[in-house]
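Note that the coordinates shown come from a computational prediction; the quantities given were computed from them, not determined experimentally.
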Amino acid sequence: MRSYRDLFRTPEFTPLFLAASAQTLARTASGLALATLVHRETASPLLTALSMFGPSLAHVLGATLLMSAADRLPPRAATAGTALAFAAATALLALPGLPLPAVFAVLLLQGLVASVGGGVGWGLLNEILPRDGYLLGRSVFSVMHGLTQITGYATGGLLLALLSPRATLLLAASLYGTAALVARLGLTRRPPRATGRPSVRATRLANARLWASPARRHVYLGLWIPNGLIVGCESLYVSHAPDSAGVLFACAAAGMLAGDVTVGRLVPPVRRRRLTTPLLLLLATPYLLLVLHPPLAVTAVLVAMASAGFGASLVQQERLMALTPPDLSGHALGLHSSGMLTMQGVSAALAGGLAQLTSPATTMTALAAASTAVTLLLAATRPATAARGTSHPA
């Protein structure tokens, strides 16, 4: 599989792509709307950051308790059901007068649902595409993610100017409902990838099996920590530039789009394997300059440059799939997604707390320095099997 055209000729790829696009657009617009609403009501960088990225913290519970469901649920039903659950939760968040503790309780439930839904969706993508098409397919999803983020933040900013945060949340809920309909009508009914009932014990055993490989552990840490710290920087955009946060989010999405297209489509596989560390360093180093408090235009350029480094995750995911047996593919990808999002939630909480003690710009610089240090440490401690690119037994 060599081209994007080949991907869209593959049965079921298009409806899965369209359903994921609608959900990403809904998540982007609703996240900006909710963060704006919380910021207006509390003026707290911590609560604002947690309202946008806090649901990620629930992924650690999903990864440790529920992730076995990713390979043990019928993919079509689980995909449509996840979208419907998000539609209901987003509509609930739009209710006037909803107390702040109730808002965060809904966000916690959203995170739990998303932790399993991510494993189901990425496992289904791996099932639909041939093995040599996974990175190209994931690249298309990353491109879509970047484009819909740009669209979502631009549209969300416009809707917030024309309507209100609560009206924007209701529109996002309708988009989630559309995603559920597309998944239900467009995907084929498939059996679960693994037998047995989902359980905490099955989740624990599969996690232990995945974590037993030093090469897989190294890949997971590289996927979770460096970019999680940079998402902590992104969680402060609203506090750093309340009237222009949409611009910064759109520039970040544009940079991520450029990086994903370059890595997934233009760089040959032999060279691609050597790009992980340079891309992770690119992801962090532009944020170091924010300590100088540059003007908004310069900050937007730095954000776009840095976000191209998110392309490193494509290389790391390709490596993870090469190290993972097929019956654990959904669980492995779900664990990656949940661990990454959990780290993002932790980083958002850390960023919000530090920003209240210092400033958003100072905090972003500190998190970027930490991300750079972790990347260099991982590069220096790469297992021999990972360095040679050989597989490790499951």
Determine, using the 4.5 Å side-chain heavy-atom cutoff (strictly less than), whether [X] and [Y] are members of one ILVMFWY cluster.
X: Val267; Y: Val315; value: yes
X: Val247; Y: Val303; value: no
X: Leu95; Y: Leu100; value: yes
X: Leu185; Y: Phe86; value: no
X: Phe8; Y: Leu129; value: yes

Which atom pair, heavy atoms only, marks the closest approach of [X] to [Y]?
X: Pro191; Y: Pro75; value: O-CD, 3.8 Å
X: Thr365; Y: Leu290; value: OG1-C, 3.6 Å
X: Leu378; Y: Pro226; value: CD1-CG, 4.2 Å
X: Leu93; Y: Leu98; value: CA-CD2, 4.0 Å
X: Ala369; Y: Leu288; value: N-CD2, 3.6 Å
X: Ala284; Y: Ala368; value: O-CB, 3.3 Å

For the pair [X] (side chain) and [Y] (backbone), establish whether a donor and an acceptor sit closer than 3.5 Å, ignoring hydrogens and angles.
X: Thr10; Y: Leu7; value: yes
X: His39; Y: Ser239; value: no
X: Ser30; Y: Arg27; value: yes
X: Arg216; Y: Leu210; value: yes
X: Trp224; Y: His336; value: yes
X: Ser371; Y: Leu367; value: no
X: Tyr220; Y: Leu320; value: no
X: Thr363; Y: Ala355; value: yes
X: Gln316; Y: Thr276; value: no
X: Ser44; Y: Leu47; value: yes

Would you check if [X] and [Y] make a side-chain contact, meaning some heavy-atom pair closer than 4.5 Å?
X: Thr375; Y: Thr372; answer: no
X: Leu37; Y: Val103; answer: no
X: Thr28; Y: Phe249; answer: no
X: Ser347; Y: Val231; answer: no
X: Val120; Y: Thr82; answer: no
X: Met364; Y: Val291; answer: no
X: Ile128; Y: Arg190; answer: yes
X: Met321; Y: Gln317; answer: no

Task: Qualifying residue for side chain to side chain contact (heavy atoms under 4.5 Å, CB included) with Phe310, from Leu257, Ile230, Leu279 - done: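 Among the candidates, only Ile230 passes.
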
Spacing of [X] atom [atom1] and [Y] atom [atom2] [to the nearest 0.5 Å]:
X: Leu34; Y: Thr90; atom1: CG; atom2: OG1; result: 9.0 Å
X: Leu229; Y: Leu280; atom1: CG; atom2: CG; result: 11.0 Å
X: Glu234; Y: Asn227; atom1: CD; atom2: CG; result: 9.0 Å
X: Thr79; Y: Gln23; atom1: OG1; atom2: CD; result: 8.0 Å
X: Phe104; Y: Leu109; atom1: CZ; atom2: CG; result: 13.5 Å
X: Leu323; Y: Arg319; atom1: CG; atom2: CZ; result: 4.0 Å

- [ ] In sequence, state the C-alpha distance, the side-chain angles, and the governing distance for Thr36 and Arg40, and then conclude on side-chain contact (heavy atoms from CB on, under 4.5 Å).
- [x] CA-CA 6 Å; Thr36 302; Arg40 288 177 182 176; 3.5 Å; yes

Open item on the list: Students often mix this up, so state it plainly: with edges at 30° and 60°, are the rings of Tyr287 and Tyr237 parallel, tilted or perpendicular?
Closed with: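 Answer is parallel, since the angle falls under 30°.
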
Task: Ser359 vs His293, side-chain contact (heavy atoms from CB on, under 4.5 Å): CA-CA, chis, key distance, verdict - done: CA-CA 10 Å; Ser359 71; His293 299 278; 4.3 Å; yes

Open item on the list: So for atom CZ, which belongs to Arg166, do other residues, nucleotides or ligands contribute more than 12 heavy atoms lying within a distance under 6.0 Å?
Closed with: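 Yes, the 6.0 Å shell around CZ holds more than 12 heavy atoms from other groups.
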
Open item on the list: Between Glu127 and Arg76, does any NZ, NE, NH1 or NH2 come within less than 4.0 Å of an OD or OE carboxylate oxygen?
Closed with: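 Salt bridge: no.
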
Task: From CA spacing to verdict: side-chain contact (heavy atoms from CB on, under 4.5 Å), Val301, Cys251 - done: CA-CA 7 Å; Val301 171; Cys251 288; over 6 Å; no

TODO: Start with the C-alpha distance between Leu221 and Val374, add both sets of side-chain angles, then the distance that settles side-chain contact (heavy atoms from CB on, under 4.5 Å), and finish with yes or no.
DONE: CA-CA 9 Å; Leu221 292 175; Val374 171; over 6 Å; no

